[in-house]
Asker: 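The structure under discussion is supplied below as C-alpha coordinates; questions concerning it will follow.
Labels below follow one simple rule: chain letters A, B, ... track the order of the sequence lines, proteins then strands, and each chain is numbered from 1.
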Protein chains: 2
Amino acid sequence: MPRDGTATRNRILDSAERLVLEHGFGATSVDAVIAASKSSKGAFFHHFSSKDDLGRALVARYAAADIAHLEQYMARAEAESDDPARQVVAFVRLFEEDADDIVAAQPSCLYVSFINERQLDPEGAAEPIVAAILAWRERLLELLRAAGERSALPPDLDLEALADHVFVTFEGAFILARSLQDGAHMRRQLRLVRMLLEQVLAVRAEA
Amino acid sequence: MPRDGTATRNRILDSAERLVLEHGFGATSVDAVIAASKSSKGAFFHHFSSKDDLGRALVARYAAADIAHLEQYMARAEAESDDPARQVVAFVRLFEEDADDIVAAQPSCLYVSFINERQLDPEGAAEPIVAAILAWRERLLELLRAAGERSALPPDLDLEALADHVFVTFEGAFILARSLQDGAHMRRQLRLVRMLLEQVLAVRAEA
DNA sequence: CGGGAAACAGACTGTATGGTCTGGTTGGTA
DNA sequence: TACCAACCAGACCATACAGTCTGTTTCCCG
(Lines give C-alpha, C1' and ligand atoms only; values in the text may rest on other atoms or scores of the structure.)
Protein backbone atom coordinates (compact mmCIF):
# COMPACT_ATOMS: atom_id res chain seq x y z
CA MET A 1 0.00 0.00 0.00
CA PRO A 2 2.02 2.95 -1.23
CA ARG A 3 1.08 6.55 -0.90
CA ASP A 4 2.20 7.76 2.46
CA GLY A 5 5.40 9.56 1.62
CA THR A 6 7.55 9.64 4.71
CA ALA A 7 5.90 6.92 6.78
CA THR A 8 7.98 4.08 5.35
CA ARG A 9 11.09 6.21 5.40
CA ASN A 10 10.61 6.92 9.08
CA ARG A 11 9.97 3.26 9.85
CA ILE A 12 13.25 2.43 8.17
CA LEU A 13 15.05 5.16 10.09
CA ASP A 14 13.57 4.02 13.39
CA SER A 15 14.52 0.39 12.86
CA ALA A 16 17.96 1.32 11.61
CA GLU A 17 18.59 3.55 14.60
CA ARG A 18 17.71 0.75 17.00
CA LEU A 19 19.91 -1.75 15.20
CA VAL A 20 22.86 0.62 14.88
CA LEU A 21 22.65 1.58 18.54
CA GLU A 22 22.69 -2.11 19.38
CA HIS A 23 25.30 -3.51 16.98
CA GLY A 24 27.07 -0.55 15.42
CA PHE A 25 26.76 0.76 11.88
CA GLY A 26 29.17 -1.58 10.17
CA ALA A 27 27.61 -4.63 11.78
CA THR A 28 24.12 -3.61 10.69
CA SER A 29 23.22 -4.93 7.23
CA VAL A 30 20.61 -3.26 5.07
CA ASP A 31 18.86 -6.62 4.83
CA ALA A 32 18.49 -6.57 8.61
CA VAL A 33 17.11 -3.05 8.50
CA ILE A 34 14.65 -4.08 5.81
CA ALA A 35 13.50 -7.07 7.82
CA ALA A 36 13.16 -5.07 11.05
CA SER A 37 11.23 -2.30 9.36
CA LYS A 38 9.07 -4.77 7.41
CA SER A 39 9.80 -3.01 4.16
CA SER A 40 11.65 -4.19 1.06
CA LYS A 41 14.79 -3.70 -0.95
CA GLY A 42 12.86 -1.55 -3.37
CA ALA A 43 11.49 0.67 -0.63
CA PHE A 44 14.87 1.05 1.01
CA PHE A 45 16.75 2.11 -2.09
CA HIS A 46 13.87 4.30 -3.13
CA HIS A 47 14.32 6.41 0.00
CA PHE A 48 18.08 6.11 0.37
CA SER A 49 20.62 6.07 -2.43
CA SER A 50 23.05 3.90 -0.44
CA LYS A 51 23.79 2.58 3.02
CA ASP A 52 26.04 5.55 3.66
CA ASP A 53 23.17 7.79 2.69
CA LEU A 54 21.09 6.10 5.37
CA GLY A 55 23.94 6.69 7.80
CA ARG A 56 24.02 10.39 7.02
CA ALA A 57 20.25 10.67 7.42
CA LEU A 58 20.47 8.76 10.68
CA VAL A 59 23.14 11.03 12.11
CA ALA A 60 21.38 14.16 10.91
CA ARG A 61 18.10 13.15 12.53
CA TYR A 62 19.79 12.04 15.74
CA ALA A 63 21.82 15.22 16.04
CA ALA A 64 18.74 17.35 15.41
CA ALA A 65 16.88 15.52 18.16
CA ASP A 66 19.93 15.94 20.40
CA ILE A 67 19.97 19.69 19.91
CA ALA A 68 16.22 19.80 20.49
CA HIS A 69 16.75 18.03 23.81
CA LEU A 70 19.49 20.49 24.68
CA GLU A 71 17.23 23.47 24.08
CA GLN A 72 14.31 21.85 25.87
CA TYR A 73 16.24 21.04 29.02
CA MET A 74 17.99 24.39 28.85
CA ALA A 75 14.65 26.16 28.81
CA ARG A 76 13.44 24.21 31.80
CA ALA A 77 16.67 24.92 33.67
CA GLU A 78 16.53 28.62 32.91
CA ALA A 79 12.96 28.74 34.17
CA GLU A 80 14.05 27.48 37.56
CA SER A 81 16.28 30.34 38.57
CA ASP A 82 17.80 33.63 37.49
CA ASP A 83 21.23 32.64 38.72
CA PRO A 84 23.25 31.21 35.82
CA ALA A 85 25.24 29.00 38.18
CA ARG A 86 22.04 27.45 39.49
CA GLN A 87 20.80 27.09 35.92
CA VAL A 88 23.82 25.02 34.99
CA VAL A 89 23.32 22.80 38.01
CA ALA A 90 19.60 22.47 37.28
CA PHE A 91 20.36 21.58 33.66
CA VAL A 92 22.49 18.64 34.71
CA ARG A 93 20.00 17.68 37.43
CA LEU A 94 17.15 17.47 34.94
CA PHE A 95 19.13 15.01 32.82
CA GLU A 96 20.05 13.17 35.99
CA GLU A 97 16.36 12.75 36.81
CA ASP A 98 15.65 11.34 33.35
CA ALA A 99 18.84 9.31 33.16
CA ASP A 100 17.23 5.94 33.71
CA ASP A 101 14.70 6.54 30.94
CA ILE A 102 17.36 7.80 28.58
CA VAL A 103 19.63 4.84 29.03
CA ALA A 104 16.68 2.43 28.87
CA ALA A 105 15.60 3.87 25.54
CA GLN A 106 19.14 3.96 24.15
CA PRO A 107 21.82 1.42 25.01
CA SER A 108 24.44 3.72 23.53
CA CYS A 109 24.98 6.97 21.69
CA LEU A 110 24.80 7.01 17.91
CA TYR A 111 27.73 9.39 17.69
CA VAL A 112 30.33 6.84 18.72
CA SER A 113 29.19 4.36 16.09
CA PHE A 114 29.91 6.88 13.36
CA ILE A 115 32.93 8.54 14.91
CA ASN A 116 34.71 5.24 15.39
CA GLU A 117 33.83 3.75 12.01
CA ARG A 118 34.59 6.41 9.51
CA GLN A 119 34.12 4.42 6.38
CA LEU A 120 31.57 7.04 5.44
CA ASP A 121 32.82 10.26 3.88
CA PRO A 122 35.00 11.73 6.58
CA GLU A 123 33.60 15.24 6.54
CA GLY A 124 29.99 14.88 5.46
CA ALA A 125 28.70 12.54 8.13
CA ALA A 126 30.54 13.98 11.08
CA GLU A 127 29.35 17.49 10.41
CA PRO A 128 26.03 17.30 12.33
CA ILE A 129 27.85 15.64 15.21
CA VAL A 130 30.36 18.46 15.43
CA ALA A 131 27.54 20.98 15.22
CA ALA A 132 25.70 19.29 18.09
CA ILE A 133 28.81 19.14 20.27
CA LEU A 134 29.50 22.80 19.65
CA ALA A 135 25.88 23.67 20.42
CA TRP A 136 26.15 21.99 23.81
CA ARG A 137 29.43 23.75 24.48
CA GLU A 138 28.15 27.18 23.52
CA ARG A 139 24.90 27.00 25.46
CA LEU A 140 26.66 25.87 28.62
CA LEU A 141 29.54 28.26 28.11
CA GLU A 142 27.22 31.29 28.10
CA LEU A 143 25.85 30.27 31.46
CA LEU A 144 29.28 29.51 32.89
CA ARG A 145 30.67 32.85 31.75
CA ALA A 146 27.68 34.63 33.22
CA ALA A 147 28.19 32.74 36.45
CA GLY A 148 31.83 33.81 36.46
CA GLU A 149 30.81 37.45 36.22
CA ARG A 150 28.42 37.23 39.16
CA SER A 151 30.75 35.54 41.58
CA ALA A 152 34.42 34.71 41.48
CA LEU A 153 35.37 31.30 40.12
CA PRO A 154 38.78 29.66 40.39
CA PRO A 155 40.95 31.79 38.09
CA ASP A 156 42.58 28.88 36.29
CA LEU A 157 39.28 27.12 35.63
CA ASP A 158 38.91 26.20 31.94
CA LEU A 159 35.28 27.12 31.34
CA GLU A 160 35.23 25.66 27.84
CA ALA A 161 36.52 22.34 29.12
CA LEU A 162 33.96 22.47 31.90
CA ALA A 163 31.20 23.02 29.35
CA ASP A 164 32.48 20.13 27.23
CA HIS A 165 32.68 17.96 30.31
CA VAL A 166 28.92 17.43 30.32
CA PHE A 167 29.11 15.87 26.87
CA VAL A 168 32.22 13.95 27.89
CA THR A 169 30.41 12.55 30.90
CA PHE A 170 27.44 11.50 28.81
CA GLU A 171 29.57 9.61 26.32
CA GLY A 172 31.81 8.08 28.93
CA ALA A 173 28.87 7.03 31.08
CA PHE A 174 27.22 5.36 28.10
CA ILE A 175 30.33 3.27 27.61
CA LEU A 176 30.65 2.50 31.31
CA ALA A 177 26.99 1.53 31.63
CA ARG A 178 27.13 -0.66 28.56
CA SER A 179 30.39 -2.32 29.55
CA LEU A 180 29.18 -3.19 33.01
CA GLN A 181 25.63 -3.81 31.80
CA ASP A 182 24.23 -1.51 34.45
CA GLY A 183 22.30 1.53 33.30
CA ALA A 184 22.36 3.06 36.77
CA HIS A 185 25.85 4.37 36.08
CA MET A 186 24.48 7.11 33.85
CA ARG A 187 22.47 8.55 36.70
CA ARG A 188 25.33 8.21 39.15
CA GLN A 189 27.84 9.90 36.87
CA LEU A 190 25.48 12.77 36.16
CA ARG A 191 24.79 13.15 39.87
CA LEU A 192 28.51 13.27 40.54
CA VAL A 193 29.09 15.92 37.91
CA ARG A 194 26.21 17.94 39.31
CA MET A 195 27.75 17.84 42.77
CA LEU A 196 31.16 18.79 41.44
CA LEU A 197 29.55 21.68 39.59
CA GLU A 198 27.77 22.79 42.74
CA GLN A 199 31.10 22.89 44.50
CA VAL A 200 33.14 24.66 41.87
CA LEU A 201 30.35 27.13 41.15
CA ALA A 202 29.69 27.55 44.89
CA VAL A 203 26.01 26.70 44.57
CA ARG A 204 24.54 25.66 47.89
CA ALA A 205 21.99 22.88 47.76
CA GLU A 206 18.56 24.19 48.71
CA ALA A 207 16.10 22.51 50.99
CA MET B 1 61.33 -17.42 6.92
CA PRO B 2 59.49 -19.30 9.63
CA ARG B 3 60.82 -20.13 13.04
CA ASP B 4 60.17 -17.21 15.28
CA GLY B 5 57.09 -18.26 17.17
CA THR B 6 55.37 -15.17 18.42
CA ALA B 7 57.01 -12.55 16.21
CA THR B 8 54.51 -12.91 13.37
CA ARG B 9 51.64 -13.16 15.80
CA ASN B 10 52.68 -9.92 17.43
CA ARG B 11 53.07 -8.18 14.07
CA ILE B 12 49.52 -9.21 13.23
CA LEU B 13 48.25 -8.02 16.59
CA ASP B 14 50.05 -4.68 16.24
CA SER B 15 48.70 -4.03 12.76
CA ALA B 16 45.22 -5.16 13.73
CA GLU B 17 45.20 -2.89 16.77
CA ARG B 18 46.13 0.12 14.67
CA LEU B 19 43.49 -0.66 12.06
CA VAL B 20 40.75 -1.37 14.58
CA LEU B 21 41.52 1.81 16.51
CA GLU B 22 41.25 3.70 13.25
CA HIS B 23 38.23 2.09 11.56
CA GLY B 24 36.55 -0.10 14.14
CA PHE B 25 36.55 -3.87 14.36
CA GLY B 26 33.72 -4.57 11.95
CA ALA B 27 35.18 -2.30 9.31
CA THR B 28 38.59 -3.97 9.54
CA SER B 29 38.90 -6.96 7.20
CA VAL B 30 41.34 -9.76 7.87
CA ASP B 31 42.75 -9.19 4.39
CA ALA B 32 43.59 -5.65 5.43
CA VAL B 33 45.25 -6.93 8.59
CA ILE B 34 47.24 -9.44 6.55
CA ALA B 35 48.37 -6.76 4.13
CA ALA B 36 49.30 -4.31 6.88
CA SER B 37 51.24 -6.92 8.80
CA LYS B 38 52.89 -8.27 5.64
CA SER B 39 51.93 -11.80 6.51
CA SER B 40 49.58 -14.23 4.76
CA LYS B 41 46.26 -15.97 5.07
CA GLY B 42 48.03 -19.07 6.22
CA ALA B 43 49.95 -17.26 8.90
CA PHE B 44 46.88 -15.46 10.14
CA PHE B 45 44.71 -18.54 10.53
CA HIS B 46 47.61 -20.45 11.97
CA HIS B 47 47.77 -18.05 14.89
CA PHE B 48 44.06 -17.21 15.16
CA SER B 49 41.20 -19.60 14.63
CA SER B 50 38.87 -16.84 13.42
CA LYS B 51 38.46 -13.10 13.21
CA ASP B 52 36.59 -13.14 16.51
CA ASP B 53 39.51 -15.00 18.02
CA LEU B 54 41.76 -12.17 16.90
CA GLY B 55 39.31 -9.77 18.52
CA ARG B 56 39.49 -11.60 21.81
CA ALA B 57 43.28 -11.66 21.73
CA LEU B 58 43.31 -7.98 20.85
CA VAL B 59 41.08 -7.04 23.76
CA ALA B 60 42.96 -9.27 26.17
CA ARG B 61 46.31 -7.75 25.24
CA TYR B 62 44.96 -4.21 25.30
CA ALA B 63 43.29 -4.67 28.67
CA ALA B 64 46.45 -6.20 30.12
CA ALA B 65 48.47 -3.22 28.93
CA ASP B 66 45.79 -0.94 30.34
CA ILE B 67 46.04 -2.49 33.77
CA ALA B 68 49.81 -2.34 33.56
CA HIS B 69 49.58 1.39 32.89
CA LEU B 70 47.21 1.76 35.81
CA GLU B 71 49.66 0.09 38.18
CA GLN B 72 52.60 1.99 36.79
CA TYR B 73 51.03 5.41 37.14
CA MET B 74 49.60 4.43 40.51
CA ALA B 75 53.05 3.54 41.76
CA ARG B 76 54.45 6.86 40.58
CA ALA B 77 51.56 8.72 42.21
CA GLU B 78 51.96 6.89 45.49
CA ALA B 79 55.66 7.72 45.49
CA GLU B 80 54.89 11.43 45.40
CA SER B 81 53.09 11.74 48.69
CA ASP B 82 51.77 9.91 51.72
CA ASP B 83 48.43 11.68 51.56
CA PRO B 84 45.94 9.53 49.64
CA ALA B 85 44.06 12.62 48.44
CA ARG B 86 47.24 14.01 46.95
CA GLN B 87 47.98 10.61 45.45
CA VAL B 88 44.68 10.63 43.58
CA VAL B 89 45.35 14.10 42.26
CA ALA B 90 48.89 13.16 41.29
CA PHE B 91 47.60 10.06 39.50
CA VAL B 92 45.37 12.13 37.26
CA ARG B 93 48.05 14.77 36.81
CA LEU B 94 50.54 12.17 35.55
CA PHE B 95 48.09 11.08 32.86
CA GLU B 96 47.43 14.71 32.12
CA GLU B 97 51.11 15.27 31.49
CA ASP B 98 51.24 12.33 29.09
CA ALA B 99 47.87 13.06 27.50
CA ASP B 100 49.23 14.41 24.24
CA ASP B 101 51.43 11.37 23.72
CA ILE B 102 48.61 8.98 24.58
CA VAL B 103 46.15 10.52 22.17
CA ALA B 104 48.82 10.79 19.48
CA ALA B 105 49.58 7.09 19.76
CA GLN B 106 45.93 6.08 19.91
CA PRO B 107 43.17 7.91 18.09
CA SER B 108 40.60 6.08 20.16
CA CYS B 109 40.12 3.43 22.81
CA LEU B 110 39.82 -0.20 21.77
CA TYR B 111 37.13 -0.83 24.34
CA VAL B 112 34.44 1.15 22.54
CA SER B 113 35.00 -0.71 19.29
CA PHE B 114 34.17 -3.97 20.99
CA ILE B 115 31.54 -2.72 23.41
CA ASN B 116 29.55 -1.10 20.63
CA GLU B 117 29.83 -3.94 18.13
CA ARG B 118 28.98 -7.02 20.08
CA GLN B 119 28.85 -9.47 17.21
CA LEU B 120 31.48 -11.35 19.15
CA ASP B 121 30.36 -13.63 21.94
CA PRO B 122 28.73 -11.28 24.42
CA GLU B 123 30.45 -12.53 27.53
CA GLY B 124 33.82 -13.83 26.40
CA ALA B 125 35.21 -10.72 24.75
CA ALA B 126 33.92 -8.18 27.22
CA GLU B 127 35.36 -9.98 30.19
CA PRO B 128 38.84 -8.42 30.14
CA ILE B 129 37.26 -5.02 29.60
CA VAL B 130 35.09 -5.40 32.67
CA ALA B 131 38.08 -6.61 34.64
CA ALA B 132 40.12 -3.56 33.62
CA ILE B 133 37.32 -1.15 34.47
CA LEU B 134 36.90 -2.76 37.88
CA ALA B 135 40.65 -2.63 38.47
CA TRP B 136 40.66 1.11 37.85
CA ARG B 137 37.69 1.54 40.14
CA GLU B 138 39.15 -0.50 42.97
CA ARG B 139 42.59 1.09 42.91
CA LEU B 140 41.15 4.60 42.96
CA LEU B 141 38.47 3.67 45.45
CA GLU B 142 41.04 2.55 48.03
CA LEU B 143 42.73 5.92 47.84
CA LEU B 144 39.45 7.82 47.97
CA ARG B 145 38.26 5.88 51.00
CA ALA B 146 41.56 6.48 52.73
CA ALA B 147 41.29 10.16 51.91
CA GLY B 148 37.80 10.19 53.39
CA GLU B 149 39.11 8.82 56.63
CA ARG B 150 41.81 11.44 56.94
CA SER B 151 39.66 14.46 56.31
CA ALA B 152 35.93 14.95 55.98
CA LEU B 153 34.52 14.74 52.48
CA PRO B 154 31.03 15.80 51.42
CA PRO B 155 28.80 13.18 53.08
CA ASP B 156 26.68 12.48 50.01
CA LEU B 157 29.70 12.07 47.74
CA ASP B 158 29.51 8.81 45.76
CA LEU B 159 33.11 7.63 46.00
CA GLU B 160 32.58 4.72 43.63
CA ALA B 161 31.14 7.04 41.00
CA LEU B 162 34.05 9.41 41.58
CA ALA B 163 36.50 6.55 41.04
CA ASP B 164 34.69 5.51 37.85
CA HIS B 165 34.67 9.10 36.67
CA VAL B 166 38.33 8.92 35.71
CA PHE B 167 37.56 6.11 33.26
CA VAL B 168 34.45 7.95 32.12
CA THR B 169 36.48 11.05 31.41
CA PHE B 170 39.04 9.08 29.44
CA GLU B 171 36.44 7.47 27.22
CA GLY B 172 34.41 10.64 26.78
CA ALA B 173 37.48 12.70 26.02
CA PHE B 174 38.59 10.20 23.37
CA ILE B 175 35.25 10.65 21.65
CA LEU B 176 35.34 14.43 21.99
CA ALA B 177 38.90 14.66 20.71
CA ARG B 178 38.14 12.41 17.76
CA SER B 179 34.90 14.14 16.87
CA LEU B 180 36.46 17.59 16.88
CA GLN B 181 39.74 16.27 15.50
CA ASP B 182 41.68 17.97 18.27
CA GLY B 183 43.74 15.81 20.56
CA ALA B 184 44.27 18.66 23.02
CA HIS B 185 40.86 17.94 24.52
CA MET B 186 42.19 14.89 26.32
CA ARG B 187 44.66 16.97 28.26
CA ARG B 188 42.13 19.69 28.98
CA GLN B 189 39.52 17.25 30.24
CA LEU B 190 42.03 15.52 32.48
CA ARG B 191 43.23 18.85 33.79
CA LEU B 192 39.66 19.82 34.57
CA VAL B 193 39.00 16.59 36.42
CA ARG B 194 42.20 17.04 38.37
CA MET B 195 41.11 20.51 39.45
CA LEU B 196 37.67 19.28 40.41
CA LEU B 197 39.29 16.52 42.44
CA GLU B 198 41.56 19.02 44.14
CA GLN B 199 38.51 20.99 45.18
CA VAL B 200 36.34 18.16 46.37
CA LEU B 201 39.23 16.49 48.16
CA ALA B 202 40.37 19.84 49.53
CA VAL B 203 43.89 19.44 48.16
CA ARG B 204 45.65 22.77 47.90
CA ALA B 205 47.92 23.21 44.93
CA GLU B 206 51.50 23.40 46.04
CA ALA B 207 54.07 25.89 44.83
C1' DC C 1 -11.18 8.01 -16.93
C1' DG C 2 -6.61 7.64 -18.69
C1' DG C 3 -1.85 8.36 -18.12
C1' DG C 4 2.21 9.46 -15.43
C1' DA C 5 4.89 9.51 -11.49
C1' DA C 6 5.80 8.31 -6.85
C1' DA C 7 6.00 4.32 -3.86
C1' DC C 8 6.88 -0.09 -3.38
C1' DA C 9 7.94 -5.58 -3.95
C1' DG C 10 11.27 -9.02 -4.79
C1' DA C 11 14.28 -11.66 -7.91
C1' DC C 12 18.84 -11.08 -9.40
C1' DT C 13 24.05 -9.87 -9.63
C1' DG C 14 28.90 -8.74 -8.71
C1' DT C 15 32.06 -8.62 -5.36
C1' DA C 16 34.37 -8.41 -0.89
C1' DT C 17 35.10 -11.22 2.94
C1' DG C 18 35.77 -14.92 6.33
C1' DG C 19 37.43 -19.21 6.20
C1' DT C 20 39.61 -23.75 4.03
C1' DC C 21 42.98 -26.60 1.73
C1' DT C 22 47.16 -28.10 -0.24
C1' DG C 23 51.66 -27.65 -0.28
C1' DG C 24 56.29 -26.01 1.00
C1' DT C 25 60.00 -24.40 4.24
C1' DT C 26 62.45 -24.20 8.57
C1' DG C 27 64.33 -25.88 12.83
C1' DG C 28 64.67 -28.95 16.52
C1' DT C 29 65.34 -33.88 17.76
C1' DA C 30 66.25 -38.93 17.75
C1' DT D 1 70.59 -37.74 8.43
C1' DA D 2 65.67 -38.67 8.75
C1' DC D 3 61.74 -37.05 10.44
C1' DC D 4 58.27 -34.51 12.59
C1' DA D 5 55.91 -30.58 13.91
C1' DA D 6 55.50 -25.78 13.90
C1' DC D 7 55.19 -22.15 10.71
C1' DC D 8 53.86 -20.04 6.74
C1' DA D 9 52.40 -19.03 1.58
C1' DG D 10 48.67 -18.46 -1.52
C1' DA D 11 45.10 -20.46 -4.48
C1' DC D 12 40.53 -21.55 -3.67
C1' DC D 13 35.60 -21.69 -1.93
C1' DA D 14 30.98 -20.37 0.02
C1' DT D 15 28.30 -16.84 1.25
C1' DA D 16 26.62 -12.53 2.90
C1' DC D 17 26.31 -8.22 1.42
C1' DA D 18 25.35 -3.67 -1.05
C1' DG D 19 23.31 -2.38 -4.87
C1' DT D 20 20.38 -3.08 -9.56
C1' DC D 21 16.48 -4.31 -12.44
C1' DT D 22 11.91 -5.34 -13.77
C1' DG D 23 7.44 -5.20 -12.69
C1' DT D 24 3.21 -3.69 -9.96
C1' DT D 25 0.25 -0.92 -7.17
C1' DT D 26 -1.48 3.47 -5.62
C1' DC D 27 -2.44 8.16 -6.01
C1' DC D 28 -2.79 12.69 -8.33
C1' DC D 29 -3.87 15.47 -12.12
C1' DG D 30 -5.72 16.69 -16.49
Side-chain angles (χ1 to χ4, degrees), chain A residues 1-20 22-59 61 113-114 116-122 124-125, chain B residues 1-59 113-114 116-122 124-125:
Chain A
M1 63 308 255
R3 191 65 331 135
D4 41 20
T6 57
T8 303
R9 181 188 161 93
N10 285 333
R11 265 198 357 262
I12 293 174
L13 282 171
D14 290 341
S15 299
E17 185 172 306
R18 281 211 323 277
L19 289 171
V20 170
E22 192 66 27
H23 309 111
F25 184 73
T28 300
S29 68
V30 320
D31 284 358
V33 172
I34 289 165
S37 62
K38 290 188 221 310
S39 62
S40 68
K41 222 82 190 269
F44 183 93
F45 284 98
H46 173 75
H47 289 288
F48 306 98
S49 63
S50 68
K51 191 189 176 187
D52 279 12
D53 187 38
L54 167 72
R56 277 186 290 271
L58 227 42
V59 169
R61 197 180 71 146
S113 298
F114 288 89
N116 275 61
E117 317 176 21
R118 50 181 53 229
Q119 66 243 38
L120 19 150
D121 50 2
Chain B
M1 63 308 258
R3 190 67 327 144
D4 39 22
T6 57
T8 303
R9 181 187 162 93
N10 285 333
R11 263 196 1 259
I12 293 174
L13 283 172
D14 290 341
S15 300
E17 185 171 306
R18 281 210 324 276
L19 289 172
V20 170
L21 283 173
E22 191 67 28
H23 309 111
F25 184 72
T28 300
S29 69
V30 320
D31 284 359
V33 172
I34 289 165
S37 63
K38 290 188 219 312
S39 62
S40 68
K41 224 78 190 276
F44 182 94
F45 284 98
H46 173 75
H47 289 287
F48 306 97
S49 64
S50 68
K51 191 190 175 186
D52 278 13
D53 187 38
L54 167 72
R56 278 186 290 271
L58 227 41
V59 169
S113 298
F114 287 90
N116 275 63
E117 319 175 17
R118 48 182 52 227
Q119 67 243 35
L120 21 150
D121 51 2

Asker: Grab the CD1-P distance between A:I12 and D:dG19 for me, whole Å please.
Answerer: 14 Å
Asker: Just verifying a value: how many Å separate A:R9 CZ and A:S39 OG, rounded to the nearest 0.5 Å?
Answerer: 12.5 Å
Asker: When you measure from the side chain of B:S29 to the backbone N and O of B:A32, does any donor-acceptor pair fall under 3.5 Å?
Answerer: yes
Asker: Quick check for you: among D:dC8, C:dA9, C:dG18, whose closest atom lies nearest to any side-chain atom of B:H46?
Answerer: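 Closest nucleotide to the B:H46 side chain: D:dC8.
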Asker: Using atom CZ of A:R9 as one end and atom C1' of C:dA6 as the other, report the distance to the nearest whole Å.
Answerer: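 Value for this atom pair: 15 Å.
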Asker: Let me know the distance between CZ of B:F48 and P of C:dT20, rounded to the nearest Å.
Answerer: 15 Å
Asker: How long is the line joining CZ of A:F44 and C1' of D:dT20, in whole Å?
Answerer: 14 Å
Asker: Would you say A:S50 reaches D:dA18's phosphate, i.e. side-chain N/O to OP1/OP2 under 4.0 Å?
Answerer: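 No, because none of the side-chain N or O atoms of A:S50 sits under 4.0 Å from OP1 or OP2 of D:dA18.
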Asker: Can you tell which of C:dG18, C:dA7, D:dT20 lies closest to the side chain of B:S29?
Answerer: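 Looking only at side-chain atoms, B:S29 lies closest to C:dG18.
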Asker: Sub-3.5 Å donor-acceptor pair from the side chain of B:S37 to the main-chain atoms of B:I34, do we have one?
Answerer: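 Side chain of B:S37 to backbone of B:I34: a pair is present.
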Asker: To the nearest Å, how far apart are B:I34 CD1 and C:dT20 P?
Answerer: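 Taking CD1 of B:I34 and P of C:dT20, I get 13 Å after rounding.
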Asker: Among D:dA18, C:dG18, D:dA9, which nucleotide has an atom closest to any side-chain atom of A:V30?
Answerer: D:dA18
Asker: Measure from NZ or CZ of B:K51 to the centre of the six-membered ring of B:F25, then state whether that distance is under 6.0 Å and the direction lies within 45° of the axis.
Answerer: yes
Asker: Would you mind reading off the distance between A:D53 atom CG and D:dT20 atom C1', rounded to a whole angstrom?
Answerer: 16 Å
Asker: Please report, rounded to the nearest Å, how far the C1' atom of C:dA9 is from the CZ atom of A:R11.
Answerer: 13 Å
Asker: Which listed nucleotide (D:dA18, C:dC8, C:dG18) is nearest to the side chain of B:F45?
Answerer: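 The answer is C:dG18.
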Asker: Round to a whole Å and report the spacing from CG of B:D31 to P of C:dT20.
Answerer: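 Those two atoms, CG and P, are 14 Å apart.
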Asker: Consider side-chain contact (heavy atoms from CB on, under 4.5 Å). Of B:T6, B:T8, B:I12, which one does B:N10 pass it with?
Answerer: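 Answer after filtering B:T6, B:T8, B:I12: B:T6.
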Asker: Considering heavy-atom distances to DNA chain D, does A:T28 or B:K41 have its closest nucleotide positioned more toward the 5' end?
Answerer: B:K41
